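Numbers restart at 1 for each chain; the letters A, B, ... are given by sequence-line order, proteins then strands. Atoms considered below: every heavy atom in the structure, side chains included; atoms not considered: hydrogens, waters and symmetry mates. Since we're looking at a predicted model, the values are computed, not measured.
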Amino acid sequence: MASRDTVENDIVETWKREQIELKKKLVSEDCVNWGVSTEEPFSNLNLIGGVDISFPKGDADHACACLVVLNFPELEVVYEDLSMVHLTSPYVPEYLAFREVGFLVDLISRLGKDKPELLPQVILVDGNGMLHPRGFGIACHLGVLTDIPTVGVAKTLFHVDGIERDSYHADQALRSTQQACNPIYVSVGHKIGLETAVSLTHACCQYRIPEPIRQADIRSREYLRQHYTKELNNCSCKMQSSDTDASTEDKDDQRNRGDLVDNTCQTFNDLKLS
DNA sequence: GCGACAG
DNA sequence: ATCTTGTCGC
């Protein structure tokens with residue numbers, strides 16, 4: 001009975017060693033010329049990816065993983081792949097990648113096999129990159145495994161020792177849009193510098209959540225609503241107009257409209273002092 | 001001992 | 001991650 005905790009501790013110890021090992025392959029600076037220093041922000045950027053995983057309400061073992069690729073700077077979805085997956089690892093803070101990253105790698109491999117010409121030049125990941133206790137969050141993990149540049153974008157701050165007092169990590173709280181009061185937290189994933197990661201993320205923000213991640217989130221949720229037919233008792237004939245675009249706003253963008261500006265921006269200011 | 005803790 | 005209600009605005 002008492003062995004379950006012990007087993008999980010052993011697994012986490014294994015995971016920790018693997019993070020430390022994989023981190024040796026991490027590259028935290030720009031490796032490609034994004035064409036920044038010209039008049040156009042990212043003149044060499046054409047394809048940008050986004051990944052996310054959505055869960056149905058009752059079931060923690062199944063989820064819908066989604067990869068989208070958008071063109072840039074139009075930010076239109078040019079590729080979409082959805083996949084129902086079976087989760088085996090639990091969610092343990094600091095070890096999110098061990099629960100989710102495998103499915104994301106699978107989606108990227110499938111894209112590389114089916115339409116390699118659509119492989120994104122950089123992928124925005126829902127979760128942290130180097131803003132992590134060991135500097136190796138899921139964005140780094142995915143980047144190292146796929147060798148594709150990645151950026152970590154978190155919606156809430158992952159508390160790491162030393163971040164509040166001193167942002168030597170040079171991670172930043174970013175205000176995506178003027179009307180979005182809650183910041184997002186951008187950190188380096190792989191093969192990209194922080195400055196580039198931040199401006200690139202900012203260039204993808206039509207709402208609080210950068211469009212690639214936002215689209216992956218919207219589409220994976222929509223997929224669950226349509227295909228994950230759990231025995232939701234009565235109302236089986238509810239039709240919703242599925243708006244794939246501008247009418248689906250970010251929750252926080254809506255809620256943030258008009259109130260709490262001072263308080264939430266306080267958080268932003270606290271953390272921006274890098 | 002209790003709380004905090006990306007998704 | 002997911003749930004919840006109402007509210008505002010186009």
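- Remark: A:Arg110 engages A:Asp81 in a salt bridge, criterion side-chain N to carboxylate O under 4.0 Å.
- Salt-bridge annotation for A:Arg219 and A:Asp52: absent, with no side-chain N of the basic residue lying under 4.0 Å from a carboxylate O of the acidic one.
- Atoms OH (A:Tyr185) and P (B:dA6) sit 12 Å apart, rounded to a whole Å.
- When distances run from any side-chain atom of A:His132 to the nucleotides C:dC3, B:dA6, C:dA1, the shortest one goes to B:dA6.
- Distance A:Trp15 CH2 to B:dA6 P: 15 Å, rounded to the nearest Å.
- One interatomic measurement links the two molecules: CZ of A:Phe158 to C1' of B:dA4, which rounds to 10 Å at whole-angstrom precision.
- Here A:Lys155 reaches the OP1 or OP2 of B:dG7: one of its side-chain N or O atoms lies under 4.0 Å away.
- Stacking is found between A:Tyr91 and the pyrimidine-like six-membered ring of the B:dG7 base under the 5.5 Å centre-distance and 30° plane-angle cut-offs.
- The side chain of A:Arg99 places no N or O atom within less than 4.0 Å of a non-bridging phosphate oxygen (OP1 or OP2) of B:dA6.
- Using a 4.0 Å heavy-atom distance criterion, A:Phe55 is classed as a sugar-phosphate-only contact.
- The interatomic distance linking A:Arg225 (CZ) with C:dA1 (P) rounds to 16 Å, in whole Å.
- Between A:Ile209 atom CD1 and C:dA1 atom C1' the separation is 14 Å, expressed in whole Å.
- Remark: P of B:dG7 and CD1 of A:Ile213 are 10 Å apart, rounded to the nearest angstrom.
- Comment: A:Glu222 engages A:Arg225 in a salt bridge, judged by a side-chain N to carboxylate O separation of less than 4.0 angstrom.
- When each of A:Lys24, A:Lys25, A:Arg17 is tested with A:Glu21 by the rule side-chain hydrogen bond (donor to acceptor under 3.5 Å, both in side chains), just one qualifies, namely A:Lys24.
- At a threshold of 4.0 angstrom between heavy atoms, the contacts of A:Asn128 include nucleobase atoms, whether or not backbone atoms are also involved.
- Of the listed nucleotides (C:dA1, B:dC5, C:dT2), C:dT2 has the atom at the smallest distance from the side chain of A:Lys57.
- For A:Arg221 and A:Asp217, the salt-bridge test passes: some basic side-chain N is under 4.0 Å from an acidic carboxylate O.
- Nucleotide C:dT2 holds its P atom 16 Å from the NE2 atom of A:His62, rounded to whole Å.
- When distances run from any side-chain atom of A:Ile138 to the nucleotides C:dA1, B:dA6, C:dT2, the shortest one goes to B:dA6.
- Atoms OH (A:Tyr223) and C1' (C:dT2) sit 19 Å apart, rounded to a whole Å.
- Residue contacts shown for A:Tyr95 include a base, since a base heavy atom lies under 4.0 Å away.
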